[in-house]
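Here's the structure, in structure tokens; my notes come after.
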Amino acid sequence: MELLKRLSASGRRLLLGVVVTAFAVVASACDTNVGPQDYLSPEGPVARKADGLWDLTFGIAVAIFVIVEALLVYTIIRFRRRPGREAAQFHGNTKLEVILTLIPTLILAGLAVPTVKAIADLSDKPEGALNVTVTAKQFWWQYEYPDAGVVTANEMHVPTGQPVYLTLEGADVIHSFWIPKLTGKQDVVPGRKNNMYFVADRPGTYWGQCTEFCGLSHANMRLRVIAQEPADFEQWLAEQQEPAAGTVSGAAAQGQEIFMGTCVNCHAIGGTEARGTTGPDLTHFASRETFAGSMFRNTPDNLKRWIDNPPGVKPGAQMPDYGLSAQEIDAVVAFLQTLK
Ligand code: HEC
Ligand SMILES: [Cu+2]
């Protein structure tokens, strides 16, 4: 208390800030709602391998921290200046300096062994893998299943237990693909093909996102991996192979007309004249739970807001506002909802 009184007003404020920050940091460890992009709770063998390396490194780092801090405190007390004695000096102690250089070198060299081995293990193409070509575009992801002839966007369906081998291609600027619970990051570079693979242990939805700043909506360039039991995945794939539902009527028919006049330039719908490739393939758009870089839930209201003014709801979006009337937008949304 005496000490507090002696501090100036700004000193007291600083102290309060330090205490509150320290408390917030400690309290955050109590959070039981583990984040959907928590790299430290892996859900597949590839992510588990990376997590194992982290556990090992972290354990060693904690041990070093404790030993070094203990030695530091001991040295400060033991060799401090006392009445009638100067503080001890170690400068120029060659033996000590050689030891202090050798120990970290050996630790780092030791850590390099499992790290390099893990990198080598993960760089081979696994047996029996499902091929998916990922194309990154500002600000969304395209997934092509070349063996099935299926193209979709933002939500990648995969079977559990089977390796998924990705070929990553960039269309415009550099992006980076990351699904924290399933695999590490991989840059997506225009003009290059990069590869990586992952396996999902269990059915579920795994969040990921672009991790290389790529423009205004970089933060809105999210993605989802939907892992399904192999039979469910096969069914999904078969449905995606079908062309879009044929004839539509009522408002949807008017929406289809608008679509075929304006939207075809950028969007494809299988089995129709729409073959644009600038924007996401919409053949089975209604089967997706999210859209526009998994930024929005796929609901009629969100779709209306999107079509009304794409860059207004997603900064920098590469789809212009076509100035459609509310009635026309309703019709287009009715049509999009038939694309099951
Ligand atoms: C100039 C090209 C272009 C035109 C024309 C265009 N779009 Fe788009 N559209 C895009 C792009 C690019 C995206 C992806 C934007 C993003 O997520 O950042 C997109 C995204 C979408 C999506 C979300 C798809 C998904 O799965 O994420 C829908 C739905 C859509 N557009 C509907 C339409 C409709 C309806 C029209 C006609 C009124 C239209 N678009 C015209 C380029 C275009
Ligand atoms: Cu990006």
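Whatever order the structure lists ligands and atoms in, that order sets their numbers, starting from 1. Note that the numbering runs from 1 along the sequence shown for the chain.
Numbered from 1 in the order shown, with element, the atoms of ligand 1 that lie under 4.0 Å from a heavy atom of Asn154 read 25 (C), 26 (O), 27 (O). Using a 4.0 Å cut-off to heavy atoms of Pro320, the atoms of ligand 1 that qualify are 1 (C). Atoms of ligand 1 found under 4.0 Å from any heavy atom of Thr262, numbered from 1 in the order shown, are 5 (C). Residue Gln318 approaches ligand 1 through these ligand atoms, each under 4.0 Å from one of its heavy atoms: 12 (C), 42 (C). Residue-ligand proximity, Gly293 to ligand 1, at heavy-atom distances under 4.0 Å covers atoms 17 (O).
Among the heteroatoms counted here (N, O or S) of His175, ND1 is the one nearest to the Cu ion (ligand 2).
Take Trp178 and apply the ring pair (Phe, Tyr, Trp, His ring centres under 6.0 Å) test, not counting sequence neighbours, and it matches Tyr39. Every residue meeting the ring pair (Phe, Tyr, Trp, His ring centres under 6.0 Å) condition with Phe177, not counting sequence neighbours, appears here in chain and number order: Trp141. The side chain to side chain contact (heavy atoms under 4.5 Å, CB included) search around Val62 returns Phe58, Val66, not counting sequence neighbours.
The environment of Glu257 atom CD is sparse: at most 12 non-hydrogen atoms of other residues, nucleotides or ligands sit within 6.0 angstrom. Counted within 6.0 Å of CD on Glu273, heavy atoms from surrounding residues, nucleotides or ligands total 12 or fewer; the atom is thus considered open. Other residues, nucleotides and ligands contribute over 12 non-hydrogen atoms within 6.0 Å of the CZ atom of Arg82.
Distance from atom 14 (C) of ligand 1 to its nearest protein heavy atom, with residue and atom name: Trp140 CD1, 3.4 Å. Protein heavy atom at the shortest distance from atom 5 (C) of ligand 1 is Tyr322 OH, 2.7 Å. Looking only at protein heavy atoms, the nearest one to atom 29 (C) of ligand 1 is Phe285 CZ, 3.6 Å. With respect to atom 27 (O) of ligand 1, the closest heavy atom belonging to the protein is Ala292 N, 2.6 Å. Looking from atom 35 (C) of ligand 1 to the surrounding protein, the closest heavy atom is Val332 CG1, 3.3 Å. With hydrogens left out, the protein atom closest to atom 26 (O) of ligand 1 is Arg288 NH2, 2.9 Å, a heavy atom. Counting only heavy atoms of the protein, atom 16 (C) of ligand 1 lies nearest to Lys314 NZ, 3.3 Å.
Residues Ile174 and Cys214 are not in side-chain contact: their nearest non-hydrogen atoms beyond the backbone lie 4.5 Å or more apart.
At a cut-off of 2.8 Å, Cys210 coordinates the Cu ion (ligand 2) through an N, O or S atom. For the Cu ion (ligand 2), the set of nearby N, O or S atoms under 2.8 Å includes one belonging to Met221.
Around atom 8 (Fe) of ligand 1, protein N, O or S atoms at a distance under 2.8 Å total 2; waters are neither shown nor counted.
Of the candidates Phe291, Trp306, Phe296, Trp306 brings a heavy atom nearest to atom 21 (C) of ligand 1.
Thr290 and Asn298 share no donor-acceptor pair across their side chains, judged by distance under 3.5 Å alone. Between the side chains of Asp281 and Thr283, at least one donor N or O lies within less than 3.5 Å of an accepting N or O. Defined by atom type and a distance below 3.5 Å, a donor-acceptor pair is present between the side-chain atoms of Asn131 and Lys125. Between the side chains of Gln228 and Glu234, no donor N or O sits under 3.5 Å from an acceptor N or O.
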- [ ] Kindly indicate, with the supporting measurements, whether the criterion salt bridge (charged side-chain N to carboxylate O under 4.0 Å, His left out) is fulfilled by Arg192 and Asp187.
- [x] CA-CA 10 Å; Arg192 275 193 65 115; Asp187 272 6; over 6 Å; no

Open item on the list: Test salt bridge (charged side-chain N to carboxylate O under 4.0 Å, His left out) on Asp308 and Lys304; report intermediate values, then the result.
Closed with: CA-CA 6 Å; Asp308 187 36; Lys304 284 176 198 168; over 6 Å; no

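Between Gln138 and ligand 1, not a single N/O pair is under 3.5 Å apart. Not one N or O of Leu336 is nearer than 3.5 Å to an N or O of ligand 1, by distance alone. For ligand 1, none of its N or O atoms has an N or O atom of Asn265 under 3.5 Å away.
Across Lys340, Gln240, His157, Glu155, a single residue satisfies side-chain hydrogen bond (donor to acceptor under 3.5 Å, both in side chains) together with Ser287, and that is Gln240.
For Met295, no heavy-atom contact with ligand 1 is shorter than 4.0 Å. Contacts between Asn220 and ligand 1 below 4.0 angstrom, taking non-hydrogen atoms only, are absent altogether.
Ring geometry for Tyr74 against Phe79 counts as perpendicular: the plane angle is over 60°, on a 0 to 90° scale with 30° as the lower cut.
Cluster annotation: Trp306 is connected to Phe285 through the hydrophobic network of ILVMFWY side chains, with a link wherever side-chain heavy atoms come within less than 4.5 Å.
Contact between Ser217 and ligand 1 is absent, with no heavy atom of the residue lying under 4.0 Å from the ligand.
Although no hydrogens or angles enter the test, the distance criterion places no donor-acceptor pair under 3.5 Å between the side chain of His175 and the main chain of Met221.
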